Amino acid sequence: MFKVGTLSWLTLTVVFSFFLLIFLYLSSKKIYIPQIREHPGVGAIIEALGRATEMGRPVSFSPGTSDLYSTKYAGDTAAALTILGYTAREAVKKGSKFIVGIAPPTVLPVAEEIVRTAYLMEGKPEEYIEEETVQFFSPNQWGFATSYIGMMHREQVAANFLFGGHAAEAMVIAESGATVGAMQVAGSTNVYQLPFFLVACDYTLIGEDEFAAAAYLSPDPVQKGTIFGQDIAKLICALLIVLGALLSTAGIDVISKLLSK
Amino acid sequence: MADILMVLISTTLILMIYTILYRENPAFRFGEHLLVGATVGHAIVYGVFQVRDLAWRKLQTGILTGDLVGIAYIIPIILGVLIYFQFSSKYRYISRVSIALMLAVGLSLSIRGLMSVNVIGQIKGAVNPITNIEGLVYMIGVICVLLYFVYEKRASDIVGPLPKIGRYLLMLTMGAYFANSIMGRLSIVIGTLNELLVAPAWYLIPVALLIVVADAMIRRKSV
Amino acid sequence: MSSVWRNVTSAILFLVSLIILVEYVWVDATLQRLTTDFNNWAVVIGAFTLGLGGYSIIVRHWRMIVKRRTLWPYSVVLLVTLFTFIATGLITGSVTSPQYNWIYSAIVMPISSTLYGMNAFFIASASYRAFRARSWEAAVLLVAAIFLMLKNAPIGGVISPILPSIGTIIWDIAGATGMRAILIGIGIGTLALGLRVIIGQEKTPLGGAD
Amino acid sequence: MSWKELLSRNYKQVIYLCLFVSLAIPLMRPIGLPVPVDKTTQDVYDRIQALQPGDVAVLGSNIGAAIYAEVYPQYIAILEHLLRKPDVKILLVDHGTEGPIFTQKALKEVNAFTRKTYGEDFVHLGFIAGGEAAVAGLSRDIKALLDVDYEGNNLEDLPMMDDVNGANDFTIVIDFTASADSQFWLNQAYAPYGTEVAFGLTAVKVPDAYAYYTAGQIFGIIESLKGAAQYEVLIGRPGIAVKGMDAQSLAHLLYIGLIFLGNVLFFTQRGRRG
């Protein structure tokens, strides 16, 4: 029989799982693909690329220093690679030189594949230079930071993008980007890096923004379905909070009683 | 005698790592590779002791006493060995079964915990009678930040400016992380300086400074 | 053969998760026994994975030495230290034996604490060169951060007691609004990712989709 | 090359030197600024002060070299306070491979082995791998998970362990960490068994935990070196943490100054160019 005190857990988990799975199914079968709003972060990427083209200076991109399979930042790196694909195509379309700096060995082949296809899709495959456009610096945090900064200064980049899982080295990279005068757009779910990105870069995607931007940009409908499923769960939580607060102000704390059942 | 040697070694290593503040160089790289070797070695030693205490011993007592639960520990030991097939691209799929069991336990335990503590716990924490201004600000505030993380197009259009307020409230939270990150990192440096600024350790500081200045001079002449 | 194994893997992933999730709400002796066993087995496999990282690092650095790649001498340093720690640990039989403790305090403690504290210096130079109130958002963040810093450091209260009190107000608002929503977001996000992995739709954590 | 040019080209090294000096001076000549006590620290002190004989206090630790400076002083102060409480049982468990090294170091530093008898008043279980599964196993049934304690003695031979077998027997749990195991204790001890949990954290982890504190899910937080200094004052044993707080204050002023200066320069330059 039921364990005491787990009824509210069961109800909420079942309700949330229902919405998450339904919209996952509907979107994967293309029955209903939710519309994701255009994220201001995407607008900032386009603005930065436009600025780079005007000034005729290159664009640099780092998809993070964490592995593709690291359980903590696997989601981050995957979202970063989706945004890499989009940024690469936009950069090639606008004709500015595009440079990608890589640290984790497992991300290298995936990133090369994404950027090579981007050049192909924009009809300029000859502009993609092997080992040049996508450069593997070093798997080690500080080795990567030093080489990435060296590249930014050498190339005098006008736009710099930092997405995916970054650690303390991001601080040094963002500062060098500012000294070079590049417009910087960053994204991360690591709440210990976010405050520094927010004040050092021109625009920063906070936590789940990164996944939403990736879902907006990616052709894969399932990403949009997952985002929408989570939206509904958050709206339910918001509703419970508003209802609970108003009712308890009126002295009826049915919501918190229900939640403790 | 041994601890004088330890102080000299640890102080030299501290100063070698601090040279990154001047530039990336061989001394820093040496210290870094030393650390990676030591920490990975430590993890392997620990892995061996854990397997012995958590499984091997239980298996032996299980076999001796015929207790089924003990004997069943042969299963995680086999799965533990299979995980090393990750390194052969041909047979990598074999290691997936061990990862599957760990993932299943890890994910379901965190779903059990987070749904109760993070979701239900925090909703109950947010549901308070609105008796004063703070109560109102907190209630509206948490709704705005929640709505900031809602991305569906129509939902975002309906809620209008609320997510924008949510983003500004998030700036306060990020300010808290900013201030606490600084206090945290400073505490670590203070811990290191507590060991560096005592005799005989700090005698090495001028030595390190001399080497750095000499290196800077030589590099400026060659440029 | 490998496709049979793949079905076994997804079956284990699904069934074990289902058992542990149902056990949370349903009282049943066998369910409880199974959950405890799966739980303790996962702990054992966790112990085996401690060696995984070691194996790949040893292979990679050994290859660097053999092929005389640039920086190969540093790989020698790494491997020598690695095997010294393994030998000391296994010979003395515990990680708090005097000898192990000695090499640990002489090497690991100084280097890692210096490396982890290094960010304080980088934040200092970035404070001067990169932390700008470029937008209203960044301005709000910087002002809030400064008040909270004056709450964290005792000097704030010494300058004037108003500073820490403003800091506390900001801290409470930040805690009750932003933090709460982020925690709820993490809870829902974990459920979403967990479900997709358990039903086999999301393959990356299993090590790629091949 | 004039001094001005040298300074502006190497501005980073100049700032690093200023930070080093602003930390070094107070460490060598402490100023002695007052250390006000936060409510989150006072709550932990009051809860331990209210412990009755026979209560069981569990200290979880994921202290490693990286968080040693911020969390180890807290661990020592709380261990000292617990040892002063007559007949309170202490169960020590580690959540990281480096944990046992610092737990043993702390036990020796407060000379626990002489003040109390091992096995009756306190037991050290050592490190258990497996993350959340380890904490869940400990809370459900210690003897099903472990046969031996850290030194290898059988759990059956330790008298204290006869009546301590799971979260239902834990009076309070304090976890000293900067990683996810604080969440594990909430998920696997507080949620299912209602065990009273508190945290000793690095500063950067405190904002996450504060929402749990205001929701009443944890009874207190020791916040980094600052919390350790306050606890040292509360138990009347000012030590390394109190000295560190003077250095924190001076360095904080330097950061605020640098941010202010940087922005003034930024806006004046932008004014000229804009």
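Every chain is numbered from 1, with letters handed out A, B, ... down the list of sequences. Source: prediction; values computed, not measured.
For C:Ala124, the parts sitting under 4.5 Å from any heavy atom of chain D are the backbone and the side chain alike. Using a 4.5 Å cut-off between heavy atoms, C:Val108 contacts chain D through both its backbone and its side chain. For a residue to count as touching a neighbouring chain, one of its non-hydrogen atoms must lie under 4.5 Å from one of that chain's; by this rule C:Ile186 does not touch chain D. In this structure, the portions of D:Ala136 lying under 4.5 Å from any heavy atom of chain C include both its backbone and its side chain. Heavy atoms of D:Leu23 lying under 4.5 Å from chain C are absent altogether. Residue D:Ala215 touches chain C through both its backbone and its side chain, counting heavy-atom pairs closer than 4.5 Å. In this structure, chain C has heavy atoms under 4.5 Å from both the backbone and the side chain of D:Leu258.
For C:Leu90, the CG atom sits in a packed shell: over 12 heavy atoms of surrounding residues, nucleotides or ligands are nearer than 6.0 Å. The neighbour count for C:Phe147 CZ, taken as heavy atoms of other residues, nucleotides or ligands under 6.0 Å away, does not exceed 12.
With sequence neighbours excluded, no residue satisfies ring-ring contact (aromatic ring centres under 6.0 Å, His included) with C:Phe14. The ring-ring contact (aromatic ring centres under 6.0 Å, His included) check on C:Tyr55 picks up B:Phe87, with sequence neighbours excluded.
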I'd like a table of all donor-acceptor pairs linking chain C to chain D (distance under 3.5 Å, no angle check), giving the atom names and the distance to one decimal.
{"residue": "C:Asn39", "atom": "ND2", "partner": "D:Ala133", "partner atom": "O", "Å": "3.3"}
{"residue": "C:Thr96", "atom": "OG1", "partner": "D:Tyr150", "partner atom": "OH", "Å": "2.8"}
{"residue": "C:Tyr104", "atom": "OH", "partner": "D:Glu98", "partner atom": "OE1", "Å": "2.1"}
{"residue": "C:Ala120", "atom": "O", "partner": "D:Tyr255", "partner atom": "OH", "Å": "2.6"}
{"residue": "C:Phe131", "atom": "O", "partner": "D:Asn263", "partner atom": "ND2", "Å": "3.0"}
{"residue": "C:Ala133", "atom": "N", "partner": "D:Asn263", "partner atom": "OD1", "Å": "2.8"}
{"residue": "C:Asn152", "atom": "OD1", "partner": "D:Lys226", "partner atom": "NZ", "Å": "3.3"}
{"residue": "C:Ile155", "atom": "N", "partner": "D:Ser249", "partner atom": "OG", "Å": "3.2"}
{"residue": "C:Asp172", "atom": "OD1", "partner": "D:Tyr210", "partner atom": "OH", "Å": "2.8"}
{"residue": "C:Arg180", "atom": "NH2", "partner": "D:Ala211", "partner atom": "O", "Å": "3.4"}
{"residue": "C:Arg180", "atom": "NH2", "partner": "D:Thr214", "partner atom": "OG1", "Å": "3.1"}

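Under the salt bridge (Lys or Arg N to Asp or Glu O under 4.0 Å) criterion, the residue pairs touching residues 188-201 of chain C are C:Arg196-C:Glu202, with sequence neighbours excluded.
Contacts with chain D were tallied for C:Ala126, C:Ala130, C:Ala120; C:Ala120 has the most, counting heavy-atom pairs under 4.5 Å. Of all the listed residues (C:Ala145, C:Ala133, C:Pro164), the one sharing the greatest number of non-hydrogen pairs under 4.5 Å with chain D is C:Ala133. Ranking C:Pro154, C:Gly117, C:Ala42 against chain D, the residue ahead of the rest is C:Pro154, based on heavy-atom pairs under 4.5 Å.
The distance from the CD1 atom of C:Ile155 to the CD1 atom of D:Ile256 is 10.0 Å, given to the nearest 0.5 Å. D:Ile259 contributes atom CD1, which lies 5.0 Å from atom CD1 of C:Ile146 (distance to the nearest 0.5 angstrom).
Nearest heavy atoms, C:Val43 versus D:Ala133: CG2-CB, 3.7 Å.
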